[in-house]
Asker: 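One structure, as C-alpha cells, below. Some questions next.
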Amino acid sequence: MDRFWSAPPVTRTLTALTFAQSALVYGGLLSGYYVVFIPTLVFKLPPQLWRLFSPFLLTGSGLSFIFDLYFMYTYGSALETGSPRFSSPGDFFTYVFFVAFVIMVTAGYFLSGVIFTSALILAFVYTFAQDNRGKKATFVIIQIPVEFLPWAMLVLTLVLAGWPAALSEGMGIIAAHMYDFLTRLYPTFGGGRNYLTTPAFVRRFFAAYAPRGEYRTYGTAYRPADQNPPSSSSGWASSFQSSWGGRGPGRRLGGS
C-alpha cells in the first residue's frame with residue numbers, strides 16, 4: 001500500500017479504476033453494456049454521464065488485462081514524474097483530459113468506437129517516445145528506436161485485431177500529436193501562443209493533495225512518506241548527493 005500511495009496521483013487513480021472496472025466486467029459482476037460509449041445514452045434524459053469516462057477504464061480480456069494495466073501504469077507514471085512537459089501540478093491531468101476528449105470525438109463519434117483504453121495507452125506511449133528520442137526500447141524481444149514503438153504497437157494491433165481496432169487505437173497517436181503541436185511545436189516554431197494551459201484551480205488542487213513531491217523543471221518527483229535517504233553512496237540517490245558527501249569529516253590544515 002505504501003508503494004501504491006507513493007505512485008503519481010493521476011496514473012495511480014487511472015490504473016486502480018481500470019483494474020476495478022475490468023475485474024468487475026470480466027468477473028461477470030458488471031455488464032459491459034453499462035460501460036461502453038453510446039452517444040445516444042450519454043445525452044438522453046436522464047443522461048448517463050459516466051459513459052464519458054468508463055470507456056477509458058476497460059482493458060482487453062485474457063492476457064490483455066495484465067498488459068494493458070502494465071502499459072498504462074508504466075508509461076503514465078513515466079510521463080507524470082519525468083516528462084519536461086508536465087513540470088507543474090496538474091499538467092499531466094490536463095494532458096490526459098485533452099487526449100481523452102480528442103479520442104472520444106475521433107474514435108467515438110467518427111469511427112463509432114465503444115472502448116478507448118488502448119487508444120489512451122497509445123497516446124501515453126507516443127508522448128513518451130517523443131520525450132525520449134534517440135533511445136532504444138524493447139518491443140516483444142527486439143530492440144527498436146523508441147520513436148517507432150507506438151507504430152510497432154499499432155501494427156501488432158492491426159495483425160491481431162484487424163483494421164477497425166487499429167484505426168480506433170490509432171486515434172491515440174492523433175490525440176497525442178495534437179497536444180504536442182498545440183503546446184510545443186506551434187508556440188516554438190510557429191510563433192504562436194500556447195492556449196492549452198492548466199487551469200489555476202487544477203493547479204491548486206494538485207499542489208495541495210499530491211504526495212510529497214518536488215516540482216522541478218524536468219518533471220515532478222514523488223516520494224513516499226517517511227522515506228529516509230540511503231546512507232550508502234551507491235544506487236539512485238548517489239547522483240543527487242553533493243560531491244563532498246562521501247569524503248569524511250573535515251580537518252583544518254595543520255591540525256592533528
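When a residue number appears, it is its place in the shown sequence, counting from 1.
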Asker: Identify the heavy atoms of Val114 and Pro55 that sit nearest to each other, and give their distance.
Answerer: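 Where Val114 meets Pro55 most closely, the heavy atoms are O-CB, 3.5 Å.
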Asker: In this structure, would Tyr70 and Leu63 fall into the same cluster of hydrophobic residues linked by side-chain contacts under 4.5 Å?
Answerer: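 Yes, it is one cluster - the side chains of Tyr70 and Leu63 are joined through contacts under 4.5 Å.
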Asker: Can you check whether Val25 reaches Ser61 side chain to side chain, under 4.5 Å on heavy atoms?
Answerer: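 Val25 does not reach Ser61 side chain to side chain.
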Asker: For Gly90, does its backbone N or O pair with a side-chain atom of Thr94 as donor and acceptor, under 3.5 Å?
Answerer: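 Checked: pair present.
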Asker: Using only atom types and a distance under 3.5 Å, with no angle test, would you say the side chain of Thr157 pairs donor to acceptor with the backbone of Met153?
Answerer: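 Answer holds: yes.
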Asker: Could you tell me the separation between the CD1 atom of Ile103 and the CE atom of Met171, rounded to the nearest 0.5 Å?
Answerer: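 Answer rounded to 0.5 Å: 9.5 Å.
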Asker: Quick one: do the Asp91 and Thr198 side chains pair a donor with an acceptor below 3.5 Å?
Answerer: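 A pair is found: one side chain offers a donor N or O, the other an acceptor, under 3.5 Å apart.
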Asker: For residues Gln130 and Arg85, determine if any side-chain heavy atom of one lies less than 4.5 Å from a side-chain heavy atom of the other.
Answerer: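 Yes, close enough: below the 4.5 Å cut-off.
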Asker: Please tell me whether Tyr95 and Leu182 are part of a single hydrophobic cluster in this structure, the criterion being side-chain heavy atoms less than 4.5 Å apart.
Answerer: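 Yes, it is one cluster - the side chains of Tyr95 and Leu182 are joined through contacts under 4.5 Å.
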Asker: Look at the aromatic rings of Tyr75 and Phe128 and report parallel, tilted or perpendicular, splitting at 30° and 60°.
Answerer: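 If you compare the ring of Tyr75 with that of Phe128, the planes turn out perpendicular.
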Asker: Considering only heavy atoms from C-beta outward, does the side chain of Val96 approach that of Phe124 to under 4.5 Å?
Answerer: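 In short, these two side chains touch, coming nearer than 4.5 Å.
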Asker: Could you state whether Phe116 and Trp163 fall into the same hydrophobic cluster, counting links through intermediate Ile, Leu, Val, Met, Phe, Trp or Tyr residues with side-chain heavy atoms under 4.5 angstrom apart?
Answerer: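 No, separate clusters.
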Asker: Around atom CZ of Phe65, are there more than 12 heavy atoms from other residues, nucleotides or ligands closer than 6.0 Å?
Answerer: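 It does: Phe65 CZ has more than 12 such atoms within range.
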Asker: Applying a strict under-4.5 Å side-chain criterion to I, L, V, M, F, W and Y, I'd like to know whether Trp50 and Phe101 cluster together.
Answerer: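 Trp50 and Phe101: separate clusters.
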Asker: Could you tell me the separation between the NZ atom of Lys136 and the CD1 atom of Ile142, rounded to the nearest 0.5 Å?
Answerer: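 Spacing of NZ (Lys136) from CD1 (Ile142) equals 10.0 Å.
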Asker: Could you check whether Tyr195 and Tyr186 have their ring centres less than 6.0 Å apart?
Answerer: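 No, ring centres 6.0 Å or more apart.
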Asker: Heavy-atom distance under 4.5 Å between the side chains of Leu156 and Phe139, does that happen here?
Answerer: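 Contact flag for Leu156/Phe139 side chains = yes.
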Asker: Once rounded to the nearest 0.5 Å, what's the spacing between atom CZ of Arg51 and atom CD1 of Ile38?
Answerer: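 Arg51 CZ to Ile38 CD1: 4.5 Å, rounded to 0.5 Å.
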Asker: At their closest point, which heavy atom of Ala129 faces which heavy atom of Glu147, and how far apart are they?
Answerer: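 Looking at all heavy atoms of both residues, the shortest contact is CB-CA, 4.1 Å.
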Asker: Tell me, yes or no, whether the heavy-atom count around Phe19 atom CZ, taken from other residues, nucleotides or ligands under 6.0 Å, exceeds 12.
Answerer: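 Counting other residues, nucleotides and ligands, CZ of Phe19 stays at 12 neighbours or fewer.
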Asker: Given Tyr109 and Phe37, is the ring-ring contact (aromatic ring centres under 6.0 Å, His included) satisfied, shown in steps?
Answerer: CA-CA 9 Å; Tyr109 283 97; Phe37 181 69; 5.5 Å; yes
Asker: What class does the angle between the rings of Phe71 and Phe67 fall in, given that below 30° is parallel, 30 to 60° is tilted and above 60° is perpendicular?
Answerer: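 Parallel: the ring planes of Phe71 and Phe67 meet at under 30°.
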Asker: Please assess Phe201 against Arg204 for the test side chain to side chain contact (heavy atoms under 4.5 Å, CB included), listing each intermediate value before the final yes or no.
Answerer: CA-CA 5 Å; Phe201 73 93; Arg204 288 194 297 268; 3.6 Å; yes
Asker: Taking all non-hydrogen atoms of both residues, which atom of Ala175 and which atom of Phe98 are closest, and how far apart?
Answerer: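 The pair with the smallest heavy-atom distance is O-CE2, 3.9 Å.
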Asker: Taking all heavy atoms of Ser168 and all of Ala119, pick out the closest pair and write down the distance.
Answerer: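 Scanning both residues, the minimum pair turns out to be O-CB, 3.8 Å.
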Asker: Is the closest side-chain donor-acceptor distance between Arg203 and Ser88 under 3.5 Å?
Answerer: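 Arg203 vs Ser88: donor-acceptor pair found between side chains.
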Asker: Which atoms form the tightest heavy-atom contact between Asn132 and Val146, and what is the distance?
Answerer: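 Shortest heavy-atom contact: O-CG1, 2.9 Å.
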Asker: Would you check if Phe97 and Val202 make a side-chain contact, meaning some heavy-atom pair closer than 4.5 Å?
Answerer: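 Phe97 vs Val202: side chains apart.
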Asker: So Asp131 and Pro84, do their side chains get closer than 4.5 Å, heavy atoms only?
Answerer: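 In contact.
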Asker: Kindly say whether Gly60 contributes a backbone atom to a donor-acceptor pair with the side chain of Asp68 at under 3.5 angstrom?
Answerer: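 Confirmed, Asp68 side chain pairs with Gly60 backbone.
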Asker: Any heavy-atom pair between the side chains of Val35 and Leu57 that's under 4.5 Å?
Answerer: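 They are not in side-chain contact.
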Asker: Any chance CZ of Phe110 has more than 12 other-residue heavy atoms, nucleotides or ligands included, within less than 6.0 Å?
Answerer: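 12 or below, so no.
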Asker: Might you point out which heavy atoms bring Thr18 and Ser22 nearest each other, and give the distance in Å?
Answerer: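 Thr18 and Ser22 have their closest heavy atoms at O-OG, 2.7 Å.
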Asker: Could you state whether Leu158 and Leu111 fall into the same hydrophobic cluster, counting links through intermediate Ile, Leu, Val, Met, Phe, Trp or Tyr residues with side-chain heavy atoms under 4.5 angstrom apart?
Answerer: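 No: no chain of side-chain contacts under 4.5 Å links Leu158 to Leu111.
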Asker: So, does Thr11 use its side chain to make a donor-acceptor pair with the main chain of Tyr73 at under 3.5 Å?
Answerer: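 No.
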Asker: Return the CZ to CD distance between Phe93 and Glu80, rounded to the nearest 0.5 Å.
Answerer: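 Interatomic distance, Phe93 CZ to Glu80 CD, rounded to 0.5 Å: 11.0 Å.
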Asker: Is the distance between the ring centroids of Phe92 and Phe86 under 6.0 Å?
Answerer: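 Yes, the ring centres sit under 6.0 Å apart.
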Asker: Tell me, with the steps shown, if Leu41 and Gln48 meet side chain to side chain contact (heavy atoms under 4.5 Å, CB included).
Answerer: CA-CA 6 Å; Leu41 297 180; Gln48 298 182 6; 3.7 Å; yes
Asker: Would you check if Gln21 and Thr59 make a side-chain contact, meaning some heavy-atom pair closer than 4.5 Å?
Answerer: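 Contact flag for Gln21/Thr59 side chains = no.
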Asker: So, taking the atom named CG in Leu185 and the one named CG in Asp180, what distance separates them when rounded to the nearest 0.5 Å?
Answerer: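 Leu185 atom CG to Asp180 atom CG measures 4.5 Å (nearest 0.5 Å).
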Asker: From Thr127 OG1 over to Leu122 CG, what is the distance, rounded to the nearest 0.5 angstrom?
Answerer: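 Here the rounded value is 9.5 Å.
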